[in-house]
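Here's the structure we're looking at; comments come further down.
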Amino acid sequence: MQALKCRSCIPVEAWEPSALTVMGDAIHAMSPALGIGANTALRDAHTLGEQLLAVAAGGKPLLNAVANYEQAMRDYAYHALRMSAFVGQKVIGHLPLPA
Ligand SMILES: Cc1cc2nc3c(=O)[nH]c(=O)nc-3n(C[C@H](O)[C@H](O)[C@H](O)COP(=O)(O)OP(=O)(O)OC[C@H]3O[C@@H](n4cnc5c(N)ncnc54)[C@H](O)[C@@H]3O)c2cc1C
C-alpha cells in the first residue's frame, strides 16, 4: 500500500490587501489530522461574506473589508493549521511545518 503524502501551507506574514483575496486550502491547506480544513474554509466564506455585506450596505470601503477578512482569517486559520500540524505529528507521524 502506498502512503498518503500530506503537505501543509506555511504561515506567511501579512500582505497588502487588494481586490484579490484567498480562502480555503489556497492559503491554509493543513494536515487532515484534526479534520478542520474544510470547516476553516467555510469559516472563511462566512467571514468574507460578512465583510462584503458591509461593503454592499455602503458603509465600508472594499479594501478595508478585504483587510479585515484577511487579518481575521490569518489569526484563526494559522492557529488551526498549527494545531493540525501538532496533532498530525502525534497521531499519524506527519510533521508538515518546519520546526
Ligand atoms: C485525507 C483528508 C481528509 C480530510 N478530512 C477533513 C475533515 O474531516 N473535515 C474537514 O473539515 N476537512 C477535511 N479535510 C480538508 C478538506 O478536504 C479541505 O480543507 C477542503 O476540501 C478545502 O476546500 P477548498 O474549497 O479550499 O479547496 P478544494 O476542495 O481543493 O477545492 C478547490 C477546487 O478548485 C479546483 N481547481 C484547482 N485549480 C483550478 C483551476 N486552475 N481552474 C479551475 N478550478 C481549479 C479543484 O479541482 C477543486 O475542485 C481533509 C483533507 C484530506 C486530504
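This one's a predicted model, so the numbers in the text were calculated from it and none came from an experiment. Numbering of ligands and ligand atoms starts at 1, following listing order.
Between L62 and A19, the closest heavy-atom pair is CD2-CB, 4.4 Å.
For A26, the side chain to side chain contact (heavy atoms under 4.5 Å, CB included) criterion is met by no residue, not counting sequence neighbours. Applying the side chain to side chain contact (heavy atoms under 4.5 Å, CB included) rule to E50 yields the partners H46; only residues at least two apart in sequence or on another chain are considered. The side chain to side chain contact (heavy atoms under 4.5 Å, CB included) test applied to A65 returns Q51, V55, K60, not counting sequence neighbours.
In this structure, L34 CG and R82 CZ are separated by 14.0 Å, a value rounded to the nearest 0.5 Å.
Annotation: ligand 1 has protein neighbours G24, D25, P32, G35, I36, G37, A38, N39, each with a heavy atom less than 4.0 angstrom from the ligand.
With hydrophobic clusters built from ILVMFWY side chains whose heavy atoms lie under 4.5 angstrom apart, V66 does not share a cluster with L53.
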